[in-house]
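The structure under discussion appears below in the form of structure tokens.
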Amino acid sequence: MELHISDDQSLLVDTTRRFLREHASPEALRSHRDDESGYGQSFWRDGAALGWTSLLVRENQGGGSVSGEGVRDLALIAHEFGRAAAPGPLLATNVAAAALDRFGTSELHRDILASILAGSVVSWCHAEPVPAQSLGTVDTELIDANGTLQLCGVKSPVEQGSQAGHFLASARGRAGLTQVVVPRDAPGLTVVPLKSVDLTRRFAEVSFDRTPIPYAAVLGAAGEAAPALEWQLQLAVVIQVNEMVGAMERAFEMTLDYAFDRYSFGRPLASYQEIKHRFADMKSWLEASHALANAATRAVGAGDADAGELISAAKSYIAQHGTELCQDCVQLHGGIGLTYEHDLHLYLRRVTLGAATHGTVRDHRLRLADILEAQGT
């Protein structure tokens with residue numbers, strides 16, 4: 001999280017932290033383990049009222065940020081979500097809201113955006129399963145047959161897919177990449193829930209079998225969505241890495257406290273040199289992760305030319321060292337760290353899930369290699 005934030009941002013963080021402490025405690029997370037949505041009935045609607053879904057939306061569309069820098073404000077919320085291992089489609093809904101605000105042109109787009117601000121779930125439907133699982137690969141087809149648009153393909157994993165009222169889906173047509181908004185009850189659309197390593201994050205596989213798409217549902221110009229999808233990926237990774245850093249931070253704090261409280265042979269566990277060395281490694285990974293997440297957040301918020309490079313640098317580093325940090329925290333706790341009753345696994349699950357979605361370490365390192373090659377460096 002940023003070291004220097006404004007009073008308004010500090011209020012936003014404090015309000016969110018208090019809300020999550022009350023409604024997303026470890027006990028609450030466990031109680032919703034088997035729920036279809038992973039959270040209480042009013043949780044997301046109340047969060048939307050706090051501003052969780054409006055920070056990337058312009059004021060004339062009903063949104064607004066607290067600092068004038070919506071991406072940085074949202075990153076602060078994501079950090080708190082990570083610290084609480086909180087449920088809810090923070091990433092998917094905000095990416096969809098930002099896209100609808102920036103590229104929406106029809107009354108349909110405006111109505112769906114208004115529903116997001118009121119607490120409805122609209123999921124970003126972009127990732128695809130094997131063999132199209134590589135970052136940025138889109139095999140889903142948008143067919144224009146005799147003046148009728150039809151969507152064919154499979155998207156997976158789709159965050160909160162079973163709860164979404166609409167999907168913002170990417171597809172490839174004759175003209176190129178296009179984004180369309182699809183209602184949950186559209187003909188030919190099938191949603192199959194998936195299992196997740198995270199206790200309260202829900203995902204689904206969404207299939208389109210010649211699903212009819214009205215032209216009013218096309219977001220932006222048909223065939224010209226590639227820059228928009230790149231920008232949306234940058235937003236998604238910014239939200240994700242800030243959340244992962246929040247989870248890493250909380251896991252580290254819990255382990256540090258435990259190491260000073262736990263005595264072995266009459267001495268605190270933290271007093272042993274090997275343990276100190278391990279904590280030094282973890283602290284360096286955590287601070288570097290903070291710095292990378294902050295740099296990526298600023299770059300994406302400002303629309304810098306190197307934003308794509310920074311988000312891949314941040315994701316590849318944090319996904320690798322975040323999972324290692326959380327695994328080390330489990331090991332330093334000993335046997336109790338492996339139990340379901342201990343809270344530590346909530347953060348390990350959150351970081352592990354983040355490392356596997358919106359591009360793996362390998363995906364982002366390959367992407368970095370392509371960027372550097374294009375730069376001639």
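Just so it is clear, the values below take in all heavy atoms, side chains as well, and ignore hydrogens, waters and symmetry mates. Numbering of residues begins at 1 and proceeds along the displayed sequence.
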Tell me if a side-chain donor or acceptor on [X] pairs with a main-chain N or O of [Y] at a distance below 3.5 Å.
| X | Y | value |
| --- | --- | --- |
| Ser120 | Ile116 | no |
| Tyr272 | Ser264 | yes |
| His109 | Ser106 | yes |
| Ser284 | Asp281 | yes |
| Lys155 | Pro129 | no |
| Ser271 | Pro268 | yes |
| Lys315 | Gly359 | yes |
| Ser25 | Arg21 | no |
| Ser316 | Arg365 | no |

Which distance, rounded to the nearest 0.5 Å, do you find between the [atom1] of [X] and the [atom2] of [Y]?
| X | Y | atom1 | atom2 | answer |
| --- | --- | --- | --- | --- |
| Glu159 | Leu194 | CD | CG | 12.5 Å |
| Phe279 | Leu332 | CZ | CG | 5.0 Å |
| Ile143 | Cys152 | CD1 | SG | 4.0 Å |
| Ile77 | Gln9 | CD1 | CD | 10.0 Å |
| Arg102 | Leu235 | CZ | CG | 7.5 Å |
| Phe81 | Leu76 | CZ | CG | 13.0 Å |

Should [X] and [Y] count as side-chain neighbours, where that means a heavy-atom distance under 4.5 Å?
| X | Y | answer |
| --- | --- | --- |
| Gln232 | Leu168 | yes |
| Met248 | Ser289 | yes |
| Asp209 | Thr190 | no |
| Thr93 | Pro89 | yes |

| Do the charged groups of Asp198 and Arg349 touch, with an N to O distance under 4.0 Å? |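 No, Asp198 and Arg349 are not salt-bridged.
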
Fill in: Cationic N near anionic O, under 4.0 Å, Glu253 to Arg83
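Yes, Glu253 and Arg83 are salt-bridged.
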
Count I, L, V, M, F, W, Y as connected when their side-chain heavy atoms are under 4.5 Å apart, and connections chain through other members. Are [X] and [Y] then in the same cluster?
| X | Y | value |
| --- | --- | --- |
| Met282 | Val245 | yes |
| Val121 | Val158 | no |
| Leu256 | Leu286 | yes |
| Leu50 | Leu56 | yes |
| Val206 | Ile112 | no |

Is the number of heavy atoms from other residues, nucleotides or ligands under 6.0 Å of [X] [atom1] greater than 12?
| X | atom1 | answer |
| --- | --- | --- |
| Tyr215 | OH | yes |
| Arg174 | CZ | no |
| Gln273 | CD | no |
| Asn60 | CG | yes |
| Ile336 | CD1 | no |
| Tyr263 | OH | no |

Under the side chain to side chain donor-acceptor pair (under 3.5 Å) rule, what do Gln179 and His126 come out as? Steps first, then yes or no, please.
-> CA-CA 9 Å; Gln179 292 193 96; His126 182 52; over 6 Å; no

[X] side chain to [Y] side chain, donor-acceptor N/O pair below 3.5 angstrom:
| X | Y | value |
| --- | --- | --- |
| Ser156 | Glu128 | no |
| Thr339 | His342 | no |
| Ser67 | Asp8 | no |
| Gln150 | Arg210 | yes |
| Thr53 | Asn94 | no |
| Glu243 | Gln240 | no |
| Ser312 | His364 | yes |

As a quick check of understanding, evaluate salt bridge (charged side-chain N to carboxylate O under 4.0 Å, His left out) for Glu141 and Arg172, giving each step before the final call.
CA-CA 5 Å; Glu141 293 183 283; Arg172 188 176 299 279; over 6 Å; no

What is the minimum heavy-atom distance between [X] and [Y], and which atoms define it?
| X | Y | answer |
| --- | --- | --- |
| His333 | Tyr258 | O-OH, 3.3 Å |
| Leu117 | Gly63 | CD1-N, 4.1 Å |
| Leu113 | Ala97 | CD1-O, 3.6 Å |
| Ala24 | Pro87 | CB-CD, 4.0 Å |
| Thr323 | Val351 | N-CG1, 3.6 Å |
| Trp231 | Ala98 | CH2-CB, 3.7 Å |

In sequence, state the C-alpha distance, the side-chain angles, and the governing distance for Thr360 and Asp363, and then conclude on side chain to side chain donor-acceptor pair (under 3.5 Å). CA-CA 5 Å; Thr360 62; Asp363 289 331; 3.2 Å; yes

Query raised in the report: Taking the six-membered ring of Phe167, is the NZ or CZ of Arg184 close enough (under 6.0 Å from the centre) and on axis enough (within 45°)?
Result: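 No, Arg184 does not lie over the aromatic ring of Phe167.
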
Stepwise side chain to side chain contact (heavy atoms under 4.5 Å, CB included) test for Glu224 and Thr178 = CA-CA 6 Å; Glu224 299 180 7; Thr178 300; over 6 Å; no

Verify whether the ring centers belonging to Phe252 and Trp285 lie closer than 6.0 Å.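 No - the distance between ring centres of Phe252 and Trp285 does not fall below the 6.0 Å cut-off.
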
Looking at residues at least two apart in the chain, or sitting in another chain, which of them share a salt bridge (Lys or Arg N to Asp or Glu O under 4.0 Å) with [X]?
| X | answer |
| --- | --- |
| Arg30 | Asp343 |
| Arg367 | Glu230 |
| Glu324 | Arg278 |

**Prompt:** So Glu22 and Arg18, salt bridge (charged side-chain N to carboxylate O under 4.0 Å, His left out) or not? Walk me through it.
**Reply:** CA-CA 6 Å; Glu22 181 177 353; Arg18 287 198 301 271; over 6 Å; no

**OP:** Step by step, work out the side chain to side chain contact (heavy atoms under 4.5 Å, CB included) result for Arg350 and Arg201.
**Re:** CA-CA 9 Å; Arg350 182 56 52 92; Arg201 282 283 163 87; 3.3 Å; yes

